[in-house]
Every structure is written in structure tokens, then in C-alpha cells.
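Below you'll find the structure, written out as C-alpha cells, and then a few comments.
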Amino acid sequence: MPKYTAAQKVKQFVGLAAAGSLTFSGICTYKQDETFFRGLMRSLHVIDPEQAHQISVFLLSKRINPRCQLEESEILKSKVFGREFSNPVGIAAGFDKHGEAVLGLQDIGFGFVEVGSVTPLPQDGNPKPRVFRLSEDEGVINRYGFNSDGHQEVYDRLRQLRDTTQLKTVLGINLGKNKTSVDAIGDYVLGVQKFGALADYLVINVSSPNTPGLRSLQSKEELSNLIQEVIRHRDKHCPDVPLLVKIAPDLSSQDKEDIAMTVLDPISRVDGLIVSNTTISREGLKSEHAKETGGLSGKPLREKSTQAIFDMYKLTEGKVPIIGVGGVSSGQDAYEKICAGASLVQLYSALVFQGPPVVTKIRRELKEVLEKEGIKNISQAVGSAHR
Ligand SMILES: Cc1cc2nc3c(=O)[nH]c(=O)nc-3n(C[C@H](O)[C@H](O)[C@H](O)COP(=O)(O)O)c2cc1C
């Protein structure tokens, strides 16, 4: 037996411990271990949130990410606004604003990826810091203000992606307007012209709280004019591409009625609604960042957005498919949104707190809930709370 000095023994111990923990992390990463990732995400919270987000997007863009091991299941497959979804869980707009990480997001199990919001011209967005984790509340406040690479750069990236055979997931493109633009309708029309040929669906985002005047586009007359003009160009450039409108959770009953009337009207009929964007409400928060300006997402938004889904489903008589978004972090959360009227769900904030395995977890749990309820396919559960 060779004899080792004390220093050599310490070195060997450290080496073994490091190799051991690397192997363990490697296995956990590969296996998408949920507890391990929750801990990892918590330890990442020492990093500035915007930097942590950039690192995540970079890793996903290089496909340095765990892969969802769950098999696709018939119960979660559905056809919504003419598109086939392998599962109903999508990544909400704002995570992959510039279309860099679509394939990585596909790997971790999302059934659809929404890129954006993209503005016509590149713009920096608001000064930093502009995103805050509310750890005690499992929420996020952001006031990014549409930082965007602009249409051309995002177009070039997505064009390349469309040319590969690797893209299997449904690709949505969420359109925004430039902060200094005086022609909001013109900005959205440019988005339709630019991305119509690349998108599986397009979204008019009129609900971000961080661009001055944007949310007033949800008012009756403005929304109707906007949708009519956008539809005119959609019909000319890409008639088969579904057009969705993303709305805020902070709408009065009158606002909701007006929106429902507008989107059901044959002249401004849309193919779907996304309910909802972030909220400006700050009810019941405990975290130190609670008073930051911006849009609040995550758990504190969950019930409010589910209520908005319920209301919009009722007001539109279930005739306009809804993507439900806001505080989804478990299969039960997703199920509640589906019963309220959502055909599909999206998430963003849960990824910040639980990491990539949250997607697999939600898919697994949702399948279990549906099976327990004796439901053969997710589409049967849509809007069931109204029956
Ligand atoms: C940091 C951040 C940036 C966002 N950026 C956008 C955006 O550019 N466009 C958009 O339509 N929604 C954006 N959202 C809103 C999300 O798409 C989603 O509607 C909202 O976060 C609620 O979902 P969640 O509770 O699962 O996060 C953003 C959300 C966050 C947290």
C-alpha cells in the first residue's frame, strides 16, 4: 500500500468529492430530478435575475439542457386553432424574446414555444435593474419594456430554424410595438408581414404593462380597428396563420365584455385569446421587492388569471380557444385553468423557481388528474367548470 502525506489525502478527498458531486449533478440533470433542480434554482438565485435568465437562454440555445424523458401520451394531445399539439404545456412569451432557445425549450418538453415579444426595430428596453424575484411569494416582477433584437435579427434566426428538420414543436411569434412608435397598428402589421410565413400562430400583445399606452389598445374601438387592420394583412400574406390576442388580467367586467364582443364580431374575429399577461396588482405580497414597478407574474397571479379565463370563456361562449397563463406550476394548476376554459396552458415564472423538470412534472401530473377523473382526452375537460 503506498503511503500518502496528509496534504495528498486532503487533495484526494477533495478530488473524489468533486467528481462525486459532478457525477451526481450529471445524473440528476440527465434524469431531470425535481428536488435537485429546485435546490439548484434556489442556489442560482444569488445571481442577478437578468444574468441568470441570460445564462439559461444561452445554455438552452446550445442545447446544454436536460431532455424530457416522458413519452407523449394520447390523453394530452389536441388540435387547437387548426394546429396539432403533442402536449398542452407551452413556454410563455418573454422567456425567449429573440428566438434563440427554441430547440432547447423543445428538448425540455414544451409542447409549444412562443417567441417574443418582438418589436419592428431593435430597442434596449428599460434601464436595469428591471426584473426581480419575489422568492417568498414565488413570483416575479419585470419591467423589461420590450428589449428586442428587432424583426430582422429574429427573422433571420427563425428562418434558419425553419430550414432545419429539428423543429418539431409548434412555434408562436408574439408581436410588440416600439416604444417611440406613433403608429401602433403599423408596427403590428409589419410583424404580420415579416413573420407570417414562419409562425404557426401569431400573437398581438396589447397587454404588457411596461410600454406606455399599450394596454389602452384593449379598449373597444382601438382593439376593433387594430384587429381589423391586422386581419386584412394576415389574410393577404398568410391566410392560414391563426391570429391570437393577449390580454391583461386587470380588466373591468365592461372591458371583458367589450373584448368578447370584438373578438366574436365577424369583422374582427380572432382565432384565440391568451389570458393573461402580468398584473399591476400587488395584493398579498410578502417579498422585499413587492413595491417595484412592473408586471407581476407567478403564484400571486394564478387565481386572478384563472378567473379571467373563466370570464372570457363564458363571455365568448367557448367559441374562441384560450391559452391560459399565469402562475401555472403544477398539474393541478393547469387542470384548473383547463376546467375554467383554457385549451392550452403556458408558464414562465415556474421555470425560475423549479427549473426545466417543471415541464415534465406538469405533464405527468396533468395526465394523472385527467385519468383519475375518467377523462379520455384533454379536450373533453376544456370549460368543464361551466357545465
Ligand atoms: C421576465 C418576464 C418577461 C416577460 N415578457 C413578456 C413579453 O415580452 N411579452 C408578453 O406577451 N409577455 C411577457 N411576459 C408575460 C408572460 O408571457 C406571462 O404572461 C406571465 O408571466 C404569466 O405567466 P407566469 O405566471 O407563468 O410567469 C413576461 C413575463 C416575465 C416574467
Side-chain angles (χ1 to χ4, degrees), residues 49-65 90-108 110 112-128 130-131 142-208 210-211 214 230 233-234 237-238 241 243-244 246 274 277 346 348 351:
E50 183 159 351
Q51 275 172 356
H53 175 218
Q54 282 168 350
I55 294 169
S56 310
V57 171
F58 172 79
L59 291 173
L60 286 161
S61 74
K62 301 287 172 214
R63 299 181 86 173
I64 306 170
N65 46 254
I91 177 78
F95 181 83
D96 188 11
K97 282 182 187 272
H98 321 298
E100 298 162 289
V102 178
L103 295 179
L105 290 162
Q106 171 180 289
D107 290 341
I108 66 176
F110 282 112
F112 60 114
V113 173
E114 191 172 310
V115 161
S117 299
V118 195
T119 58
L121 299 172
Q123 63 176 30
D124 290 336
N126 289 324
K128 297 175 190 174
R130 51 193 181 175
V131 52
N142 92 84
R143 51 169 179 267
Y144 269 105
F146 287 168
N147 54 314
S148 176
D149 283 353
H151 281 176
Q152 190 57 45
E153 202 168 319
V154 176
Y155 175 87
D156 292 341
R157 226 170 258 138
L158 296 180
R159 175 77 272 161
Q160 243 186 354
L161 187 67
R162 273 280 176 226
D163 292 340
T164 72
T165 52
Q166 298 180 60
L167 181 67
K168 309 267 187 293
T169 193
V170 171
L171 177 68
I173 303 179
N174 178 308
L175 306 172
K177 72 169 271 289
N178 279 113
K179 184 178 178 183
T180 54
S181 166
V182 287
D183 179 13
I185 295 182
D187 278 17
Y188 291 105
V189 165
L190 284 174
V192 171
Q193 291 170 332
K194 193 77 188 175
F195 292 105
L198 292 182
D200 292 318
Y201 69 89
L202 289 167
V203 184
I204 310 177
N205 175 16
V206 284
S207 48
S208 285
N210 304 310
T211 294
L214 194 84
V230 168
H233 288 270
R234 189 273 310 265
H237 290 274
C238 49
V241 178
L243 182 72
L244 281 66
K246 183 166 179 178
I274 304 190
N277 215 310
Q346 288 178 322
Y348 180 160
L351 208 52

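Values in this document were obtained by computation on a predicted structure and should not be read as measured data. Along the sequence shown, residues are numbered consecutively beginning with 1.
Using cut-offs of 30° and 60° on the angle between ring planes, the pair Y144 and H53 is perpendicular.
Between S56 atom OG and Q51 atom CD the span is 11.5 Å, to the nearest 0.5 Å. Expressed to the nearest 0.5 Å, how far CG of L202 lies from CD1 of I204 amounts to 8.5 Å. The structure places NE2 of H151 at 6.0 Å from CG of L175, a figure rounded to the nearest 0.5 Å. Here the CG atom belonging to N65 is positioned 6.5 Å from the CD1 atom belonging to I108, to the nearest 0.5 angstrom. The distance from atom CG of L198 to atom CG of L161, rounded to the nearest 0.5 Å, is 9.0 Å.
Residues forming a salt bridge (Lys or Arg N to Asp or Glu O under 4.0 Å) with R157 (at least two apart in sequence, or on another chain): D149, E153. Listed by chain and residue number, I55, I64 satisfy the side-chain contact (heavy atoms from CB on, under 4.5 Å) test with L59 (two or more places apart in sequence, or in another chain). By the salt bridge (Lys or Arg N to Asp or Glu O under 4.0 Å) test, D187 is found to be paired with no residue, residues two or more places apart in sequence or in another chain being considered. The side-chain contact (heavy atoms from CB on, under 4.5 Å) search around D183 returns S181, I185, not counting sequence neighbours. Every residue meeting the side-chain contact (heavy atoms from CB on, under 4.5 Å) condition with Q193, not counting sequence neighbours, appears here in chain and number order: V189, L190, H233, H237.
Residues P120 and G176 come closest through the heavy atom pair CD-O, 3.7 Å. Scanning both residues, V241 and Y201, for their nearest heavy atoms gives CG1-CA, 3.9 Å. When all heavy atoms of A101 and V57 are compared, the pair lying nearest together is CB-O, 4.0 Å. Of all non-hydrogen atoms in Q123 and K177, the two that sit nearest each other are NE2-O, 4.3 Å. C238 and V192 make their closest contact through SG-CG1, 4.2 Å (heavy atoms, listed as atom of the first residue, atom of the second, distance). Across all their heavy atoms, L243 and V230 have their closest contact at CD2-CG1, 3.6 Å.
Within the structure, every pair that satisfies the salt bridge (Lys or Arg N to Asp or Glu O under 4.0 Å) test and touches residues 161-172, not counting sequence neighbours, is listed here: R159-D163, R162-D200.
Under 3.5 Å, the side chains of Q152 and D156 contain a donor-acceptor pair of N or O atoms.
Between D96 and L105 the shortest side-chain heavy-atom distance falls below 4.5 Å. Taking 4.5 Å as the limit, some side-chain heavy atom of L60 sits within range of a side-chain heavy atom of F95. Looking only at side-chain heavy atoms (C-beta outward), R130 and N147 come within less than 4.5 Å of each other. Side-chain contact between F195 and V115 is absent, with no heavy-atom pair separated by less than 4.5 Å. The side-chain heavy atoms of I274 and E114, taken from C-beta on, include a pair separated by under 4.5 Å.
Side-chain N or O atoms of Q346 include none that pairs as donor or acceptor with a backbone N or O of A93 at under 3.5 Å. Proximity of a side-chain donor or acceptor of Y155 to a complementary backbone N or O of G150 within less than 3.5 Å is not detected. S207 places no side-chain N or O within donor-acceptor distance of the main-chain N or O of N277, the cut-off being under 3.5 Å. Proximity of a side-chain donor or acceptor of Q106 to a complementary backbone N or O of T169 within less than 3.5 Å is detected.
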